[in-house]
Amino acid sequence: MHQGNLFTALRQAFPADLDATAIETCDTARPLYYTWRDLDRASARIANLLDFLQLPAGARVAVQTEKSVEALLLYLAVLRAGLVYLPLNSAYQADELRYFIGNAEPSVVVCSPRSFGWVGPIAFQGGVAHVFTLGEERDGSLLDRAAVHPDEHAAAVRRADDLAAILYTSGTTGRSKGAMLSHGNLLSNARVLKEHWGWRSPAQGGDVLLHALPIFHVHGLFVASHGALLNGSKMLWFNRFDPRRVAERLPEASVFMGVPTLYTRLLAEPAFTRERCAGMRLFISGSAPLLPETFNAFREHTGHTILERYGMSETVMLTSNPYRPEDGERIAGTVGRALPGVQLRVVDERDQPCATGEIGGVQVKGPNVFRGYWRMPEKTAEDFTADLWFRTGDVGRVDDRGVLTIVGRSKDLIITGGYNVYPAEVEALLNELPGVAESAVVGVAHPDFGEGVVAAVVPRAGQAPDGAALIAAMKARIAAFKVPKRVFVLDELPRNAMGKVQKNRLREQLADTFVR
Ligand code: AMP
């Protein structure tokens, strides 16, 4: 059988000098240096532990920890052992976790030591056989248990279409869907990006990636980490984004990836100077629209033009602005052309291709497009056309040069600080709270987060719910980034003749909540 394991491809890309530094931590108590040999040996130990558990083929390993290099090693070990990696946002609360565990039925759950008290019982009640802990300071039972296992491991043989990871994306109905990504989906995309963004191998002087994104999401876990690993590039590793500390380390880096919020925060940081950016080769933005103001302010301030790209959990990366000047300019407000191997079209309501420049639904095909939603065949069928184009849910237009501009989202998604929030999930929770008859949740412009979540609620007859109390109640139930920053109590929601809530009107009404 052909060896299609993504880990094997990444391992083959390690540089010849295994004693060179692969990762240097920048915000741990002391700086830590991991050589390529360390990555190999430590991931082997964890993979051997996973083998030792004798899990069934296709078993899922669900991981809800804080970001750390060891969490990345765990990801590599899961690939190496041929199991399926299931990252979960560290902000998720009990109800959310119960749903993910019930839906994915993982065999292993790894959580941070401080959340074991509540994650453990949920996992065991959900039938999970093994629960380990992994802390930010190399603490927890996972590494203790792995330490006794050998530091060599032959990667499990996997075909390109075998599952490598499941990424949960919020559903429009409020239920998250698990996007199933194969080894081939991830590897083909990583190879395309390596070429497309001109990654420089160690022999060519070598890139250094400053990694400051979370690793439970496609951007930090796949695009950033795979990029560095597949190129044998060193990473300067931040467990959390701090604009001052990031600015101070930029002179040692050549590539940076961020969501738009990271760019606006960098621009507001006095330590982020033009001099500190002088040695940078590439700044990449994605996960949410980069405002032309930010694009222009960044160019003015640093002399660098941010390269914006577009993708999603279900497809990894789809389009990119050009890297090489001979391929054209990077244009503010656009997400560039389809990457090599990706087919992209814009269609009307009947799935018929639109004329150039006309607005419609964005559909894609390619080796990077996922294998469907985990245990949701109807939802999968709905999101693919009969001839297997994937309906991204994004709305856009393509100009005569093939450049895509995203103009909106048909699925009502809010993106706040790079995190996705589906209003339906928040509305369902709000409607359960005392005194609330109905609610509508929208995203409005926010200077820091791009969009900020706000809610409008209509009280039950004779009751007067308090916005601040509703916010406090929600904080205990869902991840903080989903909780509306403001809740407005209204007599009624704006509706159209069909009785449908007019979110556009509500958005206009609340537009200046965060900006004046
Ligand atoms: P996720 O699956 O969390 O990565 O979210 C994917 C969604 O983020 C896409 O469907 C788009 O709506 C949005 N998105 C990602 N990159 C961009 C971008 N560069 N510009 C506009 N929207 C983007």
Side-chain angles (χ1 to χ4, degrees), residues 87-89 91-92 165-172 176-181 185-186 189 193 197 213-224 226 257-264 283-295 298 305-322 330-339 342 344 346 359 361-364 368-370 373-374 383 390-398 403-423 425 443 445 449-451 479 481-482:
L88 294 170
N89 189 327
Y92 286 145
I166 297 178
L167 253 56
Y168 273 89
T169 72
S170 310
T172 38
S176 280
K177 302 165 288 179
M180 299 191 287
L181 293 156
N185 290 148
L186 299 176
N189 205 244
L193 294 178
W197 291 341
L213 286 164
I215 55 167
F216 50 72
H217 184 260
V218 54
H219 199 165
L221 183 63
F222 299 150
V223 186
H226 290 169
M257 299 190 192
V259 298
T261 305
L262 301 199
Y263 286 104
T264 53
F283 287 96
I284 296 174
S285 174
S287 295
L290 179 74
L291 296 177
E293 291 98 280
T294 313
F295 176 96
F298 198 88
T305 307
I306 297 176
L307 181 156
E308 183 169 8
R309 94 297 179 282
Y310 155 68
M312 56 202 303
S313 304
E314 288 92 334
T315 63
V316 213
M317 294 304 100
L318 290 165
T319 72
S320 170
N321 269 279
R330 299 177 195 163
I331 307 165
T334 78
V335 294
R337 294 195 190 85
L339 286 162
V342 174
L344 185 144
V346 172
I359 290 176
V362 177
Q363 299 187 344
V364 295
N368 50 313
V369 175
F370 75 134
Y373 294 111
W374 170 257
D383 281 357
F390 173 59
R391 307 176 201 275
T392 62
D394 291 309
V395 177
R397 65 181 135 75
V398 173
V403 173
L404 175 68
T405 302
I406 304 282
V407 299
R409 295 180 294 269
S410 58
K411 291 176 183 169
D412 219 15
L413 177 70
I414 301 168
I415 305 184
T416 180
Y419 293 135
N420 293 359
V421 178
Y422 280 88
E425 181 187 4
F449 299 114
E451 283 181 296
F481 67 86
K482 298 180 190 169

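Below, all heavy atoms of this structure are taken into account, side chains as well, without hydrogens, waters or symmetry copies. Atoms within a ligand are numbered from 1 in the order they appear, just like the ligands themselves.
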Can you find an N or O of [X] that's nearer than 3.5 Å to an N or O of ligand 1?
X: E314; answer: no
X: Y310; answer: no
X: T392; answer: no

(Q) Applying the side chain to side chain contact (heavy atoms under 4.5 Å, CB included) criterion to L318, which one of L404, N368, L339 satisfies it? (A)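 With L318 as partner, side chain to side chain contact (heavy atoms under 4.5 Å, CB included) holds for just one option, N368.
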Checking side chain to side chain contact (heavy atoms under 4.5 Å, CB included) against F222, which of N189, L167, I215 comes through?
->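 So, applying the side chain to side chain contact (heavy atoms under 4.5 Å, CB included) to F222 and each of N189, L167, I215, only L167 qualifies.
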If the cut-off is 4.0 Å to any non-hydrogen atom of [X], which atoms of ligand 1 fall inside it?
X: E308; answer: 18 (C), 19 (N), 20 (N)
X: I415; answer: 8 (O), 13 (C)
X: V218; answer: 4 (O)
X: V335; answer: 18 (C), 19 (N), 20 (N)

Give the residue and atom name of whichever protein heavy atom lies nearest to [atom], and the separation in Å to one decimal.
atom: atom 10 (O) of ligand 1; answer: D394 OD2, 2.6 Å
atom: atom 16 (N) of ligand 1; answer: S287 N, 3.2 Å
atom: atom 21 (C) of ligand 1; answer: P289 N, 3.4 Å
atom: atom 5 (O) of ligand 1; answer: N420 ND2, 2.9 Å
atom: atom 6 (C) of ligand 1; answer: M312 CB, 3.4 Å
atom: atom 19 (N) of ligand 1; answer: R309 O, 2.7 Å
atom: atom 4 (O) of ligand 1; answer: H217 NE2, 3.3 Å

Could a heavy atom of G393 be found less than 4.0 Å from some atom of ligand 1?
->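 No, G393 has no heavy atoms under 4.0 Å from ligand 1.
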Going by heavy atoms, is H219 under 4.0 Å from ligand 1?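 H219: no contact with ligand 1 (<4.0 Å).
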Looking at [Y], is its backbone amide N or carbonyl O close enough to the side chain of [X] to form a donor-acceptor pair, meaning the two atoms are under 3.5 Å apart?
X: R391; Y: V362; value: no
X: Y373; Y: Y168; value: no
X: T405; Y: T334; value: no
X: N321; Y: L307; value: no

* To do: Measure the NZ-OH distance between K177 and Y422 for me, rounded to the nearest 0.5 Å.
  =>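 Those atoms lie 6.0 Å apart.
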_Heavy atom to atom 15 (C) of ligand 1, shortest distance: which of G286, G311, S313 holds it?_
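Selected option, by shortest heavy-atom distance: G311.
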Is there side-chain contact between I415 and S287, with heavy atoms separated by less than 4.5 Å?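 Result no, sub-4.5 Å side-chain heavy-atom pair not found.
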Flag the pair P260 / T294 as yes when at least one side-chain heavy-atom distance between them is below 4.5 Å, and no otherwise.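 P260 vs T294: side chains apart.
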With a heavy-atom distance limit of 4.0 Å, tell me whether S285 approaches ligand 1 through its side chain, its backbone, both, or neither.
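Neither part.
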- Query: Do D394 and Y310 get their side chains close enough for a donor-acceptor pair, meaning under 3.5 Å?
  - Reply: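 Distance-only check passes for D394 and Y310.
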- Is the F449-F481 ring centre distance short of 6.0 angstrom?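 Ring-ring flag for F449/F481: false, centres at least 6.0 Å apart.
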